[in-house]
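Accompanying notes for the structure given below.
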Amino acid sequence: MADPQDTSPQNPGNSTRIVAGQAAPKRPLGLKIGIAAAVLALVGGGAAVASAVNANNASTAPAADAAPAGNPAAELKLGYFGNVTHAPALVGVSKGFIKDELGDTKLSTQVFNAGPAAIEALNAGAIDATYIGPNPAINSFVKSQGESINIIAGAAAGGAQLVVKPEISSAADLKGKTLASPQLGGTQDVALRAWLASQGYKTNVDGSGDVAINPTENAQTLKLFQDGKLDGAWLPEPWASRLVLNAGAKVLVDEKDLWDGSLSGKPGEFPTTILIVNQKFAAEHPDTVKALLKGHAKSVEWLNGAATEEKATVINAALKEAAGAELKPDVIDRSLKNIVFTVDPLAGTYQKLLADGVTAGTTKQADINGIFDLRALNEVTGEKTSAANLGKE
């Protein structure tokens, strides 16, 4: 079976696959040059983005006066990843939940490999909304002084693990080892760096330190681990399961064990995937954002109600379309058991997520009040999802 995300699939219709860094030569394992520059961009001026995003979409960025405020948009450009943690997007697109709610608004999609690239595309106007991990969203909000994005819903909680070689049995065994994360400044990258800091290790964004961290595309991480060139990785599903089931890795840290529920009221749950929107787009097209949320809510409801076999079948077909290949039954089964699908973004966890980003060196301390706008979500669901005093609800 081909690896999802390691080849360019023939996506039908208006779907485009964007891989972080695809326009540049792949960085060999252990190469440190250039990573420090990337983190400076993350913290100060703009996350690293696949140059293909801007090259392919510069001419299609929405004009400032595209439509009077309140009018449905002519097109909604939506981003997501080919990961099981993005199943609400995969299902919402493949089953037509989102398109049906959008009505006459055209739905176009782009598939990304990691959060910082998706954020840059959104900030550049190449997409209008995206499913993403929380830390890149926080970083964008901080860098723009609260003017770039709003979090409008949750999508998935859980589904991230640090998996390692079998001979590694504790944090003490990690000194001098080399680990991977999907992309510098991404949610799993921040989680890994913050956890290592809690264990007394120093890591640096250039790959140096007590433990070397090499941000690596997920499919390459699998191969490098199989080739013995990586000692482990902090990964979202299905990649954690793939390393365990297909490459002999074992779980050293299940991230759910690090969240006791004191911040969210939901022990073991932490935000892995959320739905965000460009603030300017939302202000101009609130009806389109509400339609997106209706389709999103239907997708989450379907995921929580469908039989396991049907759910796996639909997600696998969507993964094949988005990422080029399906998953083996045992991989998708293990992945789904580790994830909770929810429209709740678990807002109470975001101050800790921000603090973890500061510890990781990929963001700076800031006021994130206003990052949430859950009014449309609560109108759509009829419930009162909390913004934890960090925005509107």
Side-chain angles (χ1 to χ4, degrees), residues 69-70 72-73 76 78 88-89 92 97-98 101-102 115 119 122 128-158 187 259-301 303-304 340-357 363 366-393:
L76 172 69
L78 180 67
F97 292 140
I98 296 174
E101 291 294 338
L102 287 174
I119 281 289
L122 187 140
D128 306 307
T130 189
Y131 290 81
I132 199 168
N135 282 97
I138 291 170
N139 199 43
S140 176
F141 188 84
V142 168
K143 286 186 304 178
S144 70
Q145 297 182 329
E147 296 183 356
S148 60
I149 62 95
N150 277 129
I151 299 168
I152 58 173
T187 298
W259 298 88
D260 61 8
S262 60
L263 300 176
S264 66
K266 298 179 179 180
E269 293 190 21
F270 59 96
T272 304
T273 307
I274 56 176
L275 179 57
I276 67 173
V277 66
N278 179 286
Q279 286 186 16
K280 182 174 180 294
F281 181 88
E284 292 177 349
H285 306 293
D287 291 344
T288 301
V289 173
K290 187 179 294 184
L292 168 62
L293 284 166
K294 286 180 179 179
H296 170 63
K298 285 185 177 180
S299 181
V300 171
E301 182 179 11
L303 282 162
N304 288 327
V340 175
F341 298 111
T342 176
V343 297
D344 185 354
L346 305 172
T349 64
Y350 279 70
Q351 294 288 12
K352 182 181 186 306
L353 291 167
L354 171 64
D356 286 348
T363 194
D367 182 3
I368 57 171
N369 183 35
I371 194 170
F372 290 98
D373 189 345
L374 304 181
R375 293 174 295 175
L377 174 68
N378 287 332
E379 185 177 340
V380 165
T381 63
E383 299 177 358
K384 188 66 179 291
T385 300
S386 173
N389 297 316
L390 292 175
K392 299 171 182 177
E393 58 184 49

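Below, each value reflects all heavy atoms present in this structure, side chains not excepted, and no hydrogens, waters or symmetry copies.
For Asn378, the side-chain contact (heavy atoms from CB on, under 4.5 Å) partners two or more places apart in sequence, or in a different chain, are Leu374, Thr381, Lys384, Thr385, Glu393. In this structure Ser140 satisfies the side-chain hydrogen bond (donor to acceptor under 3.5 Å, both in side chains) test together with Asn123, Ser148, sequence neighbours excluded. Residues passing the side-chain contact (heavy atoms from CB on, under 4.5 Å) test with Thr187, sequence neighbours excluded: Pro134, Asn135, Pro136. Checked against side-chain contact (heavy atoms from CB on, under 4.5 Å), Ala388 has the following partners two or more places apart in sequence or in another chain: Ala347, Ser386. Residues meeting the salt bridge (Lys or Arg N to Asp or Glu O under 4.0 Å) test with Glu301, sequence neighbours left out: none. Residues passing the ring pair (Phe, Tyr, Trp, His ring centres under 6.0 Å) test with Phe341: none are found, sequence neighbours excluded. With sequence neighbours excluded, no residue forms a side-chain hydrogen bond (donor to acceptor under 3.5 Å, both in side chains) with Lys294. Checked against ring pair (Phe, Tyr, Trp, His ring centres under 6.0 Å), Tyr350 has the following partners two or more places apart in sequence or in another chain: Phe372. Partners of Ala89 by side-chain contact (heavy atoms from CB on, under 4.5 Å), not counting sequence neighbours, listed by chain and number: Tyr80, Tyr131. Every residue two or more places apart in sequence or in another chain that forms a salt bridge (Lys or Arg N to Asp or Glu O under 4.0 Å) with Lys298 is listed here: Glu101.
With rounding to the nearest 0.5 Å, the separation of CD in Gln351 from CD1 in Ile138 is 8.5 Å.
No more than 12 heavy atoms of other residues, nucleotides or ligands shown are found within 6.0 angstrom of CG on Asn389.
Judged by distance alone, the side chain of Asp260 and the main-chain N or O of Pro267 form no donor-acceptor pair under 3.5 Å. Listed for the Thr272 side chain is no donor-acceptor partner under 3.5 Å among the backbone atoms of Ala157.
No side-chain heavy atom of Pro271 sits less than 4.5 Å from a side-chain heavy atom of Pro345. Between Val289 and Ile152 the shortest side-chain heavy-atom distance falls below 4.5 Å.
Screening residues 136-155 for ring-ring contact (aromatic ring centres under 6.0 Å, His included) gives no qualifying pairs among residues at least two apart or on separate chains. Sorted by first and then second residue, the salt bridge (charged side-chain N to carboxylate O under 4.0 Å, His left out) pairs with a member in residues 263-279 read Lys266-Asp344; sequence neighbours excluded.
Summarising the geometry of Pro72 relative to Thr288, their closest heavy-atom pair is CA-OG1, 3.3 Å, with the distance given to 0.1 Å.
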